[in-house]
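What follows is a set of notes on a single structure, which appears directly below.
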Amino acid sequence: MTDFTIITPVLNQVSHIETCILSVLEQDCQVQFIIMDGGSTDGTVDIIRKYEKHVSIWKSEPDEGQSDAINKGLQFADGSFFNWLNADDRLMPNALDTVKACATTGTDIVVGKCEHVTETGESVVIGSAQIWDSLEATLGNYSMGQPSVFYRTSVVKELGQLNSRLHYCMDMDLWFRYLIRFGQENIRQTDAILSRFLIHSNSKSVDLQQEMRHEKYGIYKALLSQFAQPKVLQEFFDGFSMPDIDPRSYHGNLQKDELLANFCWHLLADSYQHGDLRQCKAYFEIVSKGTRLSETERLKWKARLATKRLLG
């Protein structure tokens, strides 16, 4: 068994694919590198052929989207750890060695930092998947730096691979399903920057932000469907459709008040910014039932709401 399986799903990314490929080939450890091209017509396949002697497996054929392409690659995966790297992402030098050094026998996931950069190389932000003090807090305060999140391959296969019906938030879905089934005890973190995510106009995360937002909150709608919800939250979720997923895959032994408090904290801040006092008060009541706010923060929010009410 090799150390890593890296799968790159790609379609018409001739401008970026070579940099991605080189970032994998330059890693100093055993890598099974699989490229699944969806039938590119822009010269991407010519770039892949240029490096095919160094690529473990590559195919160019129609697929049903990014998740489907990754799942096709997973059929061949034999690395201990797995991740996918989109054509406009790249691994940092020695990233995989860092993951290998961080992992122990019982490690299911290694999480590192992901740097978002512009096409001119300017660093915009460094983020990562965040592990909080409780499972409910980790779920409610979702964040992700997918190119820097490495799963044990056997665990991904046990979870049934990616949901091929999701096209934007398949990483969120996989993360949630893992957390609810296994918890967060076997996740290891490193402060090292393991990957770079390229921000450009043709990126899905830039070009299709509304579609991504809709799928994200559709997943949250499925997660929270296991609980009776306050009216303000029902009204919020009325604006989102649940994607083609089985909500039962998100159902687990979760503390309702704690999960809702962490999720609704972000809605509280957003409604306050937009000056919606009714929603602010309703979300504050939900958040106050959990531990998301310290006593000092709770008092500050009470003062903010009182001031906004007095000022109209």
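Each residue takes its place number in the sequence, starting with 1.
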Open item on the list: Let's go through D257 and K289 carefully: what are the C-alpha distance in whole Å and the side-chain angles of both, what is the deciding distance for salt bridge (charged side-chain N to carboxylate O under 4.0 Å, His left out) to 0.1 Å, and is it a yes or a no?
Closed with: CA-CA 6 Å; D257 287 345; K289 292 179 180 179; 5.4 Å; no

TODO: Establish, yes or no, whether a centroid distance under 6.0 Å links the rings of Y272 and Y283.
DONE: no

- [ ] Look at the side chain of Q279 and the backbone N and O of D270, then say whether any donor-acceptor pair between them is shorter than 3.5 Å.
- [x] no

TODO: Return the minimal non-hydrogen interatomic distance between R90 and S23, and the atom names on each side.
DONE: CA-OG, 3.5 Å

Task: Pairwise distance CG(D88) to CD(E119) - rounded to 0.5 angstrom - done: 9.5 Å

Task: CG (D246) with more than 12 external heavy atoms under 6.0 Å - done: yes

Task: Lys/Arg-Asp/Glu bridge criterion (N-O < 4.0 Å) met for E158, R181 - done: yes

Task: CD/Q226: more than 12 non-hydrogen atoms of other groups inside 6.0 Å - done: yes

Open item on the list: For the backbone of C114 and the side chain of S195, can you confirm whether one donor and one acceptor N or O come within less than 3.5 Å of each other?
Closed with: no

Open item on the list: Determine whether a donor-acceptor pair (N or O, by modelled atom type, separation under 3.5 Å) exists between the side chain of T44 and the backbone of S40.
Closed with: no

Open item on the list: Please determine whether residues F76 and F33 belong to a single hydrophobic cluster, defined as Ile, Leu, Val, Met, Phe, Trp and Tyr linked transitively by side-chain heavy-atom distances below 4.5 Å.
Closed with: no

Open item on the list: Side chains of Y168 and Q66: any donor to acceptor distance under 3.5 Å?
Closed with: no

Open item on the list: Does atom CD (E64) have a neighbourhood of more than 12 heavy atoms from anything else shown, all under 6.0 Å?
Closed with: no

TODO: Would you give the length of the straight line joining atom CG of L74 to atom OG1 of T153, rounded to the nearest 0.5 angstrom?
DONE: 7.5 Å

TODO: Give a yes or no answer on whether the side chain of R165 reaches the backbone of I245 with a donor-acceptor pair at less than 3.5 Å.
DONE: no

Open item on the list: With clusters defined by side-chain heavy atoms of hydrophobic residues (ILVMFWY) lying less than 4.5 Å apart, directly or transitively, does Y178 cluster with Y250?
Closed with: yes

- [ ] Please answer whether the main-chain N or O of D108 pairs with a side-chain N or O of N186 as donor and acceptor at a distance below 3.5 Å.
- [x] no

Open item on the list: Tell me if the centroids of the rings in F227 and F237 come within less than 6.0 Å of each other.
Closed with: no

TODO: Using the rule that two of Ile, Leu, Val, Met, Phe, Trp, Tyr join whenever any of their side-chain heavy atoms come within less than 4.5 Å, decide whether L268 and L299 are in one cluster.
DONE: no

Open item on the list: Is it the case that over 12 heavy atoms from other parts of the model lie below 6.0 angstrom from the NZ atom of K59?
Closed with: no

- [ ] Would you mind reporting whether R213 and K216 have side-chain heavy atoms less than 4.5 Å apart?
- [x] no

- [ ] Would you name the heavy atoms of N83 and P147 that are closest together and state the gap between them?
- [x] ND2-O, 2.9 Å

Task: T98 vs L194 side-chain heavy atoms within contact, under 4.5 Å - done: yes

Open item on the list: Is any side-chain heavy atom of I34 closer than 4.5 Å to one of K72?
Closed with: no

TODO: Would you check if the side chain of K157 reaches a backbone N or O of A77 as a donor-acceptor pair within less than 3.5 Å?
DONE: yes

TODO: Please confirm whether the backbone N or O of K113 pairs with a side-chain atom of Q189, one donor and one acceptor, at under 3.5 Å?
DONE: no

TODO: State whether the number of non-hydrogen atoms from other residues, nucleotides or ligands found under 6.0 Å of D28 atom CG is greater than 12.
DONE: no

Open item on the list: Nearest 0.5 Å, please: how far is SG in C169 from CD1 in I219?
Closed with: 5.0 Å

Open item on the list: Could you go through H16 and N86, starting from their C-alpha distance and side-chain angles, then the distance that decides it, and tell me whether this counts as side-chain hydrogen bond (donor to acceptor under 3.5 Å, both in side chains)?
Closed with: CA-CA 9 Å; H16 306 295; N86 296 323; over 6 Å; no

Task: Joint cluster assignment, F150 & I187, ILVMFWY side-chain distance < 4.5 Å - done: no

Task: Residue pair A87 / T8: nearest heavy atoms and the distance that separates them - done: N-CG2, 4.2 Å

Open item on the list: Would you say that P247 contacts M242 through its side chain, given a criterion of any heavy-atom pair below 4.5 Å between the two side chains?
Closed with: yes

TODO: State, to 0.1 Å, how close N163 and D244 come at their nearest heavy-atom pair, and which atoms those are.
DONE: ND2-O, 3.5 Å

Open item on the list: Any salt bridge linking R177 with D173? Criterion: basic side-chain nitrogen under 4.0 Å from a carboxylate oxygen.
Closed with: yes

- [ ] Please say whether the positively charged group of R298, taken as NZ for Lys or CZ for Arg, lies over the ring of W301, i.e. under 6.0 angstrom from the six-membered ring centre and within 45 degrees of the axis.
- [x] no

- [ ] Using the ring pair (Phe, Tyr, Trp, His ring centres under 6.0 Å) rule, take Y217 and F236 through it: C-alpha gap first, then chi angles, then the decisive distance, then the call.
- [x] CA-CA 10 Å; Y217 284 115; F236 174 78; 5.2 Å; yes

Open item on the list: Testing the basics here: between I7 and T5, what is the closest heavy-atom pair and its distance to 0.1 Å?
Closed with: CG1-CG2, 3.9 Å

Open item on the list: Rounded at 0.5 Å granularity, tell me how far CD1 in I126 sits from CD in E115.
Closed with: 4.5 Å

- [ ] Mind checking the OG-CD1 spacing from S134 to I131? Nearest 0.5 Å is all I need.
- [x] 11.0 Å

Task: Donor-acceptor contact present, side-chain S143 to main-chain S128, <3.5 Å - done: yes

Open item on the list: I'd like to know whether the aromatic ring centres of F263 and Y220 sit less than 6.0 Å apart in this structure.
Closed with: yes

Task: Sidechain-backbone polar pair: E258 side chain, E136 backbone, donor-acceptor under 3.5 Å - done: no

Task: L162 side chain near W84 side chain, heavy-atom distance below 4.5 Å - done: yes

Open item on the list: Donor-acceptor check, side chain of Q184 to backbone of W132, threshold 3.5 angstrom: yes or no?
Closed with: yes

TODO: Write down the atom of W58, the atom of V55, and the distance for their closest heavy-atom approach.
DONE: CB-CG1, 4.1 Å

Open item on the list: With clusters defined by side-chain heavy atoms of hydrophobic residues (ILVMFWY) lying less than 4.5 Å apart, directly or transitively, does L223 cluster with L159?
Closed with: yes

